[in-house]
2 protein chains.
Amino acid sequence: MRKEKTCIPAPAVDALVREVIARVADKWTMLVLGALEEHGTLRFTRLAEFVEGVSQKMLTKTVRQMEADGLVTRTVHPVIPPHVDYALTPLGRSLGAAFCGVWKWAEKNHAKVEASRKAFSKKHSG
Amino acid sequence: MRKEKTCIPAPAVDALVREVIARVADKWTMLVLGALEEHGTLRFTRLAEFVEGVSQKMLTKTVRQMEADGLVTRTVHPVIPPHVDYALTPLGRSLGAAFCGVWKWAEKNHAKVEASRKAFSKKHSG
DNA sequence: CCGGATCCGGTAGGATACTG
DNA sequence: CAGTATCCTACCGGATCCGG
């Protein structure tokens with residue numbers, strides 16, 4: 001049943017890939033990525049506005065993680081009031097491009113998902 | 001700075017899309033999706049083997065969620081011992097295809113991510 | 001025996017207040 | 001304005017039991 005030529009990685013690097021997937025397959029990571037891709041360089045507060053619903057703690061944690069992973073740059077301007085800019089690195093942009101398919105999928109299919117959800121909850125209530 | 005023609009959804013459906021993204025951008029969801037895409041129909045225990053590191057509880061929760069979202073079918077064979085098959089729906093397969101780009105990205109760039117991580121931790125220790 | 005529901009301890013995450 | 005510290009909740013994971 002194994003598909004011959006899709007997107008399955010070689011067995012050797014499988015664990016590494018899974019680890020990276022587990023890291024980037026995070027809703028805040030994806031949403032930060034999307035916000036930075038759409039709006040370009042953003043300051044912390046502005047980023048928080050676009051990634052609606054995120055707490056400061058999670059946003060801080062997420063951008064730090066993304067910085068560590070080489071997905072974003074974090075530029076601190078030593079002025080008062082503080083000014084910190086976040087921007088995608090080339091690596092981050094390439095990940096954004098890779099996620100593009102998922103965005104388009106969500107855009108196209110969110111109605112189906114919602115319909116399935118409704119049918120499922122109805123089936124479980126009845 | 002807004003990019004004119006990438007993968008940015010229309011403003012109106014933006015919230016819906018974000019909601020779906022937040023739902024599917026989950027590491028277990030992605031890994032279950034990958035496992036089912038690679039190996040086809042799987043029983044619960046077998047699925048747990050391929051999605052290494054997942055607890056039964058989280059696997060149950062994840063597949064139930066995916067079932068509710070219309071991504072997988074859950075077929076209970078009323079036999080003893082119990083036999084439950086999980087398989088991707090067409091919608092699930094289409095999401096798998098969308099995630100394909102992310103997998104390929106991870107396959108290609110995991111070394112860069114790891115290098116960035118090392119450099120970052122070194123910079124923070126020194 | 002398999003799938004999963006339950007109880008319980010640990011930890012990740014949200015809200016708020018405070019510092020530079 | 002950006003980030004930290006604190007508290008507190010809710011969810012996550014492991015072990016165990018149960019129903020079939």
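Because the structure is predicted, anything quoted here is derived from the model rather than measured. Because only heavy atoms are used, hydrogens play no part in the values below, and waters and symmetry mates are left out as well, while side chains stay in.
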Legend entry - Summary of protein contacts for nucleotides 7-20 of chain C, nucleotide by nucleotide, where a base hit scores B, a sugar-phosphate-only hit scores S (4.0 Å, heavy atoms): B-----BBBB---B
Counting just side-chain N and O atoms, does [X] come under 4.0 Å of either OP1 or OP2 of [N]?
X       : N     : answer
B:Arg64 : C:dA5 : yes
A:Tyr86 : D:dC1 : no
A:Arg43 : D:dC1 : no

Legend entry - Residue B:Arg74, side-chain atoms from C-beta onward, closest of D:dT4, C:dG4, D:dC1: C:dG4
What residues, two or more places apart in sequence or in another chain, satisfy salt bridge (charged side-chain N to carboxylate O under 4.0 Å, His left out) together with [X]?
X        : answer
A:Glu49  : A:Arg46
A:Arg117 : B:Glu19, B:Asp69
A:Arg18  : A:Asp14

Inset, instruction - Check side chain to side chain donor-acceptor pair (under 3.5 Å) between A:Asp85 and all other residues, then give those that pass, not counting sequence neighbours. - result: A:His77, A:His83
Inset, instruction - Taking side chain to side chain donor-acceptor pair (under 3.5 Å) as the test, write out the residues that go with A:Thr89, two or more places apart. - result: none
Legend entry - the helix from C:dC1-D:dG20 to C:dG20-D:dC1: angle between end helix axes, five pairs per end, rounded to 10 degrees: 30°
Inset, instruction - May I ask you to decide if B:Thr29's main-chain N or O and B:Asp26's side chain share a donor-acceptor pair within less than 3.5 Å? - result: yes
Inset, instruction - Rounded to the nearest angstrom, tell me the gap between atom CD1 in A:Ile80 and atom P in D:dC1. - result: 14 Å
Inset, instruction - Would you kindly give the CG-to-C1' distance between A:Leu59 and D:dC1, to the nearest whole Å? - result: 13 Å
Legend entry - Pairing residues for B:Ala87 by the side chain to side chain contact (heavy atoms under 4.5 Å, CB included) criterion, not counting sequence neighbours: B:Thr41, B:Thr73
Inset, instruction - Output all residues satisfying side chain to side chain contact (heavy atoms under 4.5 Å, CB included) with B:Val54, sequence neighbours left out; order by chain, then residue number. - result: B:Trp28, B:Val51, B:Met58, B:Leu59
